[in-house]
Amino acid sequence: MSRVVVVGGGVGGLTSAVLLGHAGHRVTLLEAAEHLGGKSRRLEAEGQRLDTGPSLFTFPGVWEELLRRLDRLRAAGTAGTAARAPRAEETAGLELERLPAVGTYYYRGTRCELPVPHGHPWHPAWTRFEAEHGVLGPDITRLLTTDVLDRAAYPALGRLGKLYGRRLTTRDYLDSLTWMPEGLREVIAIHTLNAGVGPARTPALYASMPAVMARDGVWIPRGGVHELVEALRRLAADAGVELRTGEPVTSVAPGRVRTDRGAYPADAVVSGIDAHRLEGLLTGRAPRSPRRLSCSAIAVYAVLDSELPDGTPRHGVVLPDRPADLYADLEAGSEPEQTMAFANHYPAQAARPNSAATLALLLTAPANGKSYTLEDPFVARELGRTARVLGLPGPITDRFRSTRILDPAYFAAHGSEGGALYGSVRPSWRSGPFHAPAHTSPLRPWLWRVGASVHPGGGLPAVLGGAMISTGKLLKRLG
């Protein structure tokens with residue numbers, strides 16, 4: 001049995017702690033905040049529940065693979081008593097509900113759902129695209145959960161390489177599809193902001209994501225997205241992981257992790273915090289600021305005093321008229337003239353146990369570390385534009401009974417420089433499966449990395465899968 005300290009209680013850190021605990025190691029998880037989950041947390045306002053962070057659960061095969069690995073680890077450690085141990089699925093208690101569509105998208109006066117319905121002008125092109133890319137779900141799930149150098153990943157990499165050819169970025173690949181309407185091309189391309197950067201910064205693989213999501217479904221845990229964090233917490237407790245919140249780490253060194261409350265011996269350390277912030281804990285001095293940062297967000301969570309009109313989509317995505325300008329402004333750290341806005345609407349009783357309707361309006365923003373209010377010109381302008389595009393009568397703020405705002409200043413205090421949601425920007429070839437920073441290095445073989453700044457793309461499945469890959473290699477090292 002080895003002693004392992006996990007620094008950071010976000011989804012990546014929790015996943016790693018769960019795997020290590022089920023393998024029989026002595027694990028302590030240290031989280032600076034008073035809550036687990038990182039960006040995914042649960043707020044309350046006016047007696048209603050508001051879940052922050054990712055709003056959808058995609059690639060459910062990644063979660064299923066995690067549960068299978070936990071069962072195998074438990075069985076290997078309990079031998080004759082394995083049959084009496086509860087299965088990981090039972091302990092987790094996470095129920096996923098499939099939503100009817102990926103979302104409703106708005107671009108230059110055109111409204112379209114994914115998958116594109118019959119009768120829509122984009123339907124023929126979508127049908128062709130989905131036929132080629134929607135079948136890639138198992139391959140992408142394999143890459144999300146398997147080290148790229150593992151022989152098991154080779155068939156998936158081969159099929160993807162044959163499809164994309166020399167068009168290595170999402171932008172290059174989509175622009176090569178001259179038969180695809182420009183509007184549909186931009187709707188597909190905007191998904192790269194799930195990795196915090198524009199389509200010229202991500203591998204061509206990201207172009208396939210919307211088609212896979214449309215075919216295999218997008219999901220939400222029953223009771224809200226934060227139920228994933230609760231499921232991981234239950235699995236960690238079941239594995240004997242010591243969970244310590246409200247305890248910031250002050251330094252990380254070989255064999256020891258320090259906080260203001262004491263020192264924790266460690267045969268290995270797993271970092272689930274931003275790579276830039278970790279560097280400061282390792283060296284004891286402020287690290288150099290990254291040259292380019294991924295995007296941040298201004299997230300407005302509101303309890304409504306009345307329901308939104310019938311026909312308002314549960315998950316709406318409002319694109320800017322000129323997406324290229326948005327990508328350039330975000331990379332330059334400037335507030336864009338128009339941004340991308342998510343509008344996630346939950347009628348009363350839809351997000352149990354809420355008795356009132358709630359709305360999450362998520363505005364993509366530069367990682368400028370700023371605080372924002374509803375009266376800020378950028379916020380007011382984009383909330384107004386979003387309401388008009390969605391066809392809502394009157395100012396949307398007139399419906400707000402209570403609000404909470406999480407902005408770049410909040411994310412900077414709880415995550416990375418400037419509030420960047422996925423850390424620094426990397427070349428396209430160093431993202432996705434060929435991520436940077438690496439899980440570990442020969443210079444610090446005792447230190448391992450997981451989390452959104454290591455595996456930025458794909459949201460929750462990438463963070464879950466990245467933790468599985470990294471921790472799997474650590475488990476082999478520990479023996």
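For clarity, every value in this text was computed on a predicted model and none was experimentally measured.
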- Item | Steps toward side-chain hydrogen bond (donor to acceptor under 3.5 Å, both in side chains) verdict (E247, T259) | CA-CA 7 Å; E247 189 165 354; T259 73; 2.7 Å; yes

Do any N or O atoms from the side chain of [X] and from the backbone of [Y] form a donor-acceptor pair under 3.5 angstrom?
X	Y	answer
T471	L475	no
R3	Y264	no
S296	G419	yes
R285	L281	no
E113	P115	no
S470	G466	no
N194	H191	yes
T339	L363	no
S2	L478	no

Where is the tightest heavy-atom contact between [X] and [Y], given as atom of each residue plus distance?
X	Y	value
A195	Y206	CB-CE2, 3.9 Å
L96	P60	CD1-CB, 4.1 Å
P408	G369	CB-N, 3.6 Å
R477	P445	NH1-O, 3.4 Å

- Sequence neighbours excluded, which residues qualify as side-chain contact (heavy atoms from CB on, under 4.5 Å) partners of D274?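 Once residues adjacent in sequence are excluded, the partners of D274 under the side-chain contact (heavy atoms from CB on, under 4.5 Å) criterion are H276, R277, S416, S453.
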
- Given the rule in the salt bridge (Lys or Arg N to Asp or Glu O under 4.0 Å) test, do E132 and K162 qualify, once you have shown the distances and angles that lead to the verdict? CA-CA 12 Å; E132 292 181 351; K162 183 177 180 180; over 6 Å; no

- Item | Within 6.0 angstrom of E331 CD, more than 12 heavy atoms from elsewhere |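 Above 12, so yes.
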
- Message: A quick test of your reading: do over 12 heavy atoms of other residues, nucleotides or ligands sit less than 6.0 Å from CZ of R41?
- Response: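 Yes, because the 6.0 Å sphere around CZ of R41 holds more than 12 heavy atoms from other groups.
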
- Query: So, T202 and T192: side-chain donor and acceptor under 3.5 Å apart, yes or no?
  - Reply: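 Absent: no donor and acceptor within the cut-off.
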
- Task: Taking the six-membered ring for Trp and the full ring for Phe, Tyr or His, determine whether the centres of H35 and H226 are under 6.0 Å apart.
- Result: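 When the ring centroids of H35 and H226 are compared, they turn out to be at least 6.0 Å apart.
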
- Partner set under salt bridge (charged side-chain N to carboxylate O under 4.0 Å, His left out) for E230, not counting sequence neighbours: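 Result, salt bridge (charged side-chain N to carboxylate O under 4.0 Å, His left out) vs E230: R233.
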
- Message: Going by the rule salt bridge (charged side-chain N to carboxylate O under 4.0 Å, His left out), which residues pair with R404 if we only count those two or more places apart in sequence or in a different chain?
- Response: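 By the salt bridge (charged side-chain N to carboxylate O under 4.0 Å, His left out) rule, R404 matches no residue at all.
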
Are [X] and [Y] within salt-bridge range, i.e. N to O under 4.0 Å?
X	Y	value
D267	R26	no
D238	R234	no
D407	K370	no
R42	E34	no

- Task: Quick one: list whatever passes side chain to side chain donor-acceptor pair (under 3.5 Å) with E242, sequence neighbours left out.
- Result: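 Checked E242 against side chain to side chain donor-acceptor pair (under 3.5 Å); matches are T28, R244.
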
- Task: Sort and list the pairs that fulfil ring pair (Phe, Tyr, Trp, His ring centres under 6.0 Å) and have at least one residue in residues 128-171, not counting sequence neighbours.
- Result: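 Residue pairs passing ring pair (Phe, Tyr, Trp, His ring centres under 6.0 Å), neighbours aside: F129-H133, H133-Y173, Y164-Y173.
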
- Task: Applying side-chain contact (heavy atoms from CB on, under 4.5 Å), run through H315 and L56 and close with a yes or a no.
- Result: CA-CA 9 Å; H315 300 281; L56 298 174; 3.7 Å; yes

- Item | Partner residues of H25 under the ring-ring contact (aromatic ring centres under 6.0 Å, His included) criterion, sequence neighbours left out |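 For H25 there are no ring-ring contact (aromatic ring centres under 6.0 Å, His included) partners, ignoring immediate neighbours.
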
